[in-house]
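One structure is given below, encoded as structure tokens.
Just so we're clear, the structure is a prediction, and the values are computed from it rather than from any experiment. Proteins come first, then strands; the chains are lettered A, B, ... in the order of their sequence lines, and each starts at number 1.
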Protein chains: 2
Amino acid sequence: MTIRIDDLDRKILDELQRDAGQSLDEIARKVGSSKTPVWNRIRKLREAGVILRQTVILDPQKLGLEACFFVLIRTAEHDPDWQRRFLETVKARPEVQEAHRLAGEIDYLLKVRVANARAYDAFYQALISEVKVYNITALLGMEEIKNDTSLPL
Amino acid sequence: MTIRIDDLDRKILDELQRDAGQSLDEIARKVGSSKTPVWNRIRKLREAGVILRQTVILDPQKLGLEACFFVLIRTAEHDPDWQRRFLETVKARPEVQEAHRLAGEIDYLLKVRVANARAYDAFYQALISEVKVYNITALLGMEEIKNDTSLPL
DNA sequence: AGCAATATAGGAAATTTTCCTGTATGAGCG
DNA sequence: CGCTCATACAGGAAAATTTCCTATATTGCT
């Protein structure tokens, strides 16, 4: 599962995480190499699935998505059928940015981004009508202090 | 704060969120326009801060970052000085991917990505030595069901 | 040290970005 | 309704970048 990455790969990945819009020559210069090895390594890192995708990060505020909720879910039904249904629901809803299965008392945590409390309630109503949950609580985000997609290498 | 976005902008942003590595001609074709308006609009969306940055998304598993913790923090000190110190600490630590200030009983939520439980403990020890917290709990992520950076437009 | 395998630098063709020019589209107003 | 101005658009050309090839250098192994 874990893939062998050397120091040059790490530097390249760091640069790509920082800014994926840079030219190969620019990256090559920064990591102390030339464009060919940088290009070959990026291709291999893609093929190996280390680089999943290339994307743009948008500002939620500027797009009117003012509210961020962390939803803590407990279920009474731990069978695979329930799990599959829950997974499908969560994947189908674009306001769910993240979904994690947890260890411990709380079974799932969702990160949900919506325009406002009303929009969250609409999501909440839709969710509980589609899958049965034993207990559900939401933590309301007030301010995003940090939001970094970069992984530490 | 909120910026006026029309339907063509929305389509362009959707395509960029899906894959920022596409050529302008490709995006133009998909959104039913030509490269010039697409280019002009992307430039404006950048300048307006709607597009914050362009990056690559990496697979944490493949890089040996197997553990994801959600850290719930309560503080006894609500003065600006404590807040500033906490903010600095959180921003300085690359294992903290996200930090949110919350409404309600819990004051902060962190998303922390590390190699294993031992690495989390190292982070935890460092954190509580740098800033005083009243209460701290961690939820341990077992499986990432969904992790989407795209905002719903 | 010598050989094989792999990685590298540089360069050339193909593609893409960037920006310019002229045309079309639409809003405001007499 | 038609005129005018402002804005958006399509296409094209130059500059930049990607993509891939070739020859050289480096590394690992025995």
Interatomic distance, Asn40(B) CG vs dC20(C) P [rounded to whole Å]: 11 Å

Rounded distance (Å) that lies between atom P of dT15(C) and atom CD of Glu26(B): 13 Å

Residue pair Asp81(B), Arg84(B): steps toward the salt bridge (charged side-chain N to carboxylate O under 4.0 Å, His left out) verdict: CA-CA 5 Å; Asp81(B) 228 52; Arg84(B) 191 186 43 73; 3.6 Å; yes

Charged N-O contact under 4.0 Å between Arg101(B) and Glu144(A): no

Between dG10(C) (C1') and Leu24(A) (CG): distance, integer Å: 14 Å

Between dA8(D) (P) and Asp6(B) (CG): distance, integer Å: 9 Å

Atom-to-atom span, CG of Asp7(B) to C1' of dC9(D) - whole angstrom: 17 Å

Stepwise salt bridge (charged side-chain N to carboxylate O under 4.0 Å, His left out) test for Lys11(B) and Glu15(B): CA-CA 6 Å; Lys11(B) 283 183 189 168; Glu15(B) 276 306 319; over 6 Å; no

Asp107(B)/Arg74(B) salt bridge by N-O under 4.0 Å criterion: no

Sugar-phosphate only, base, or nothing, as touched by Ile27(B) at under 4.0 Å among non-hydrogen atoms: nothing

Arg41(B) side-chain N/O to dC9(D) phosphate OP1/OP2 under 4.0 Å: yes

Distance-only side-chain donor-acceptor flag, Arg29(A) / Gln22(A), under 3.5 Å: no

Among dA8(D), dC20(D), dA7(C), the one nearest Trp39(A) by side-chain distance: dC20(D)

Interatomic distance where CZ belongs to Arg43(B) and C1' belongs to dT7(D) [whole Å]: 14 Å

Check: His100(B) ring centroid to Phe70(A) ring centroid under 6.0 Å: yes

Under-4.0 Å salt bridge between Lys35(A) and Asp25(A): no

Touch class at under 4.0 angstrom, heavy-atom based, for Gln22(A) against every strand present: sugar-phosphate

Of Val114(A), Leu65(A), Leu110(A), the residue whose pairing with Glu95(A) passes side-chain contact (heavy atoms from CB on, under 4.5 Å): Val114(A)

Sugar-phosphate, base or nothing in reach of Leu8(B), heavy atoms under 4.0 Å: sugar-phosphate

Rounded (10°) bend between the five-pair end axes of the helix from dA1(C)-dT30(D) to dG30(C)-dC1(D): 40°

Arg4(B) bridged to Asp9(B) by N-O distance under 4.0 Å: no

Nucleic acid contacts - residues 29-37 of chain B versus DNA chain D, non-hydrogen atoms under 4.0 Å: Ser33(B), Ser34(B), Lys35(B), Thr36(B), Pro37(B)

Rounded interatomic separation in angstrom, taking CG from Asp25(A) and P from dA16(D): 12 Å

